[in-house]
Amino acid sequence: METKEYLTNYYESHDENERFASKHSVVEYITTMKYIDKYLKPNMRILEIGAATGRYSHALAQKGYCVDAVELIEHNIEIFRQNTLDGESVTITQGNAVDLSAFGSDTYDITLLLGPMYHLFTTDDKLKALSEAIRVTKKGGMIFASYCMGDASVLSYGFIRGEIYDLIEKCMIDTETFDTFSNPWDIFELYRKEDIDKLRSRFNVTQIHFVATDGYTNHMRETVDRMDDRMFELYLKYHLAVCERQDMVGYSHHTLDIFRKE
């Protein structure tokens, strides 16, 4: 089975629209949008690569921006189109993050790569995806690349949920370093910050932010979901105050690498 088939099976059985429905899950979205908003200026063109069902693309189009979106999975594209509102300046094209030949170089002010790095398993594909995202971005433009972090999964899935021995048996964890290893049938590739830094270092870009987009939230999801609105707003204030502290990013399930094309 090819990677696309694994992803198609996953997304057809996974309600992507529900991913941000709970308090704990919306922290990632709120944080990501806060950082995108820092760099938005009137009349900017935006490309979202791996747009899924379009949560970010539609939100930005509703702010008045022209957004082009690329998505691999047909099921997600159908929902993306269903979610499009009248008046949104947004397009959706089926395509692969490692080959954006349909899009011109130096075209977009902001390029979002908020999903593809989760599902690429070879260094060659990861570098191609980053290279293509950088190529289509204007000089001085911003690229936002999201990653899933390995240590957060070792802690939450391995130890808290008690699956650690199964992960070891499947050779998904090095029991000396506790680094993680994934295959396409595992759906998600997992990283440490040094892996992300190594990939980015191959390109002529300048890192601006490295953000723990959900921080410690997923380790305490039941607690966060029980919060009343007042406490949740306070929790968000805390999270946003510490989400760039580098001593905390490894505990986050998701991180956001933000860099400028030179």
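Environment of OH in Tyr251: sparse, with no more than 12 heavy atoms of neighbouring residues, nucleotides or ligands closer than 6.0 Å. For Met220, the CE atom sits in a packed shell: over 12 heavy atoms of surrounding residues, nucleotides or ligands are nearer than 6.0 Å. Counting heavy atoms of neighbouring residues, nucleotides and ligands inside a 6.0 Å radius, atom CD of Glu262 exceeds 12 of them.
Taking both residues in full, the closest heavy atoms of Arg45 and Tyr108 are given as NH2-OH, 3.6 Å, listed atom of the first, atom of the second, then distance. Shown here for Ile173 and Phe178, the closest heavy-atom pair between the two residues is CG2-CD2, 3.8 Å. Summarising the geometry of Pro116 relative to Ala97, their closest heavy-atom pair is CB-CB, 3.6 Å, with the distance given to 0.1 Å. For Leu190 against Gly150, the heavy-atom pair with the smallest separation is CB-CA, 3.7 Å. Closest of all the heavy-atom pairs between Ala61 and Val67 is N-CG2, 3.9 Å.
Remark: Asp124 pairs with Lys128 by the side chain to side chain donor-acceptor pair (under 3.5 Å) rule, at least two apart or across chains. Partners of His239 according to the ring pair (Phe, Tyr, Trp, His ring centres under 6.0 Å) rule, which considers only residues two or more places apart in sequence or in another chain, do not exist here. For Asn183, there are no side chain to side chain donor-acceptor pair (under 3.5 Å) partners at least two apart in sequence or on another chain. By the side chain to side chain contact (heavy atoms under 4.5 Å, CB included) test, Glu163 pairs with Tyr157, Arg161, Asp166, sequence neighbours left out. Listed by chain and residue number, His58 satisfy the ring pair (Phe, Tyr, Trp, His ring centres under 6.0 Å) test with Phe80 (two or more places apart in sequence, or in another chain). Every residue two or more places apart in sequence or in another chain that forms a ring pair (Phe, Tyr, Trp, His ring centres under 6.0 Å) with His119 is listed here: Tyr11, Phe188. With sequence neighbours excluded, the residues forming a side chain to side chain contact (heavy atoms under 4.5 Å, CB included) with Thr8 are Lys4, Glu12, Ile73, listed by chain and number. Take Ala102 and apply the side chain to side chain contact (heavy atoms under 4.5 Å, CB included) test, not counting sequence neighbours, and it matches no residue. Considering only residues two or more places apart in sequence or on other chains, Asp37 meets the side chain to side chain contact (heavy atoms under 4.5 Å, CB included) condition with Met33, Leu40, Lys63. Checked against side chain to side chain donor-acceptor pair (under 3.5 Å), Ser105 has the following partners two or more places apart in sequence or in another chain: Arg135. Scored by the side chain to side chain donor-acceptor pair (under 3.5 Å) test, Asn218 finds Asp214, Arg221 as partners (sequence neighbours excluded).
Going from atom NE2 of His253 over to atom NE2 of His219 covers 5.0 Å, rounded to the nearest 0.5 Å.
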**OP:** Apply side-chain contact (heavy atoms from CB on, under 4.5 Å) to the pair Asp174 and Phe181, showing each step before the final yes or no.
**Re:** CA-CA 8 Å; Asp174 182 322; Phe181 307 94; 3.9 Å; yes
**OP:** Would you please test Phe259 and Leu130 for side-chain contact (heavy atoms from CB on, under 4.5 Å) and show each step?
**Re:** CA-CA 11 Å; Phe259 48 92; Leu130 288 170; 4.2 Å; yes
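Of the possible donor and acceptor atoms, none in the side chain of Tyr56 sits under 3.5 Å from a partner among the backbone N and O of Leu114. A donor-acceptor pair under 3.5 Å links the side-chain atoms of Glu132 to the main chain of Leu100, judged by distance alone.
In this structure the side chain of Tyr216 never reaches within 4.5 angstrom of the side chain of Met248, judged on heavy atoms.
Legend: side chain to side chain donor-acceptor pair (under 3.5 Å) pairs involving residues 144-154, not counting sequence neighbours, sorted by first then second residue: Asp151-Arg192.
Each of Asp109, Thr107, Asp106 was scored for a side-chain hydrogen bond (donor to acceptor under 3.5 Å, both in side chains) with Lys138, with one residue passing: Asp109.
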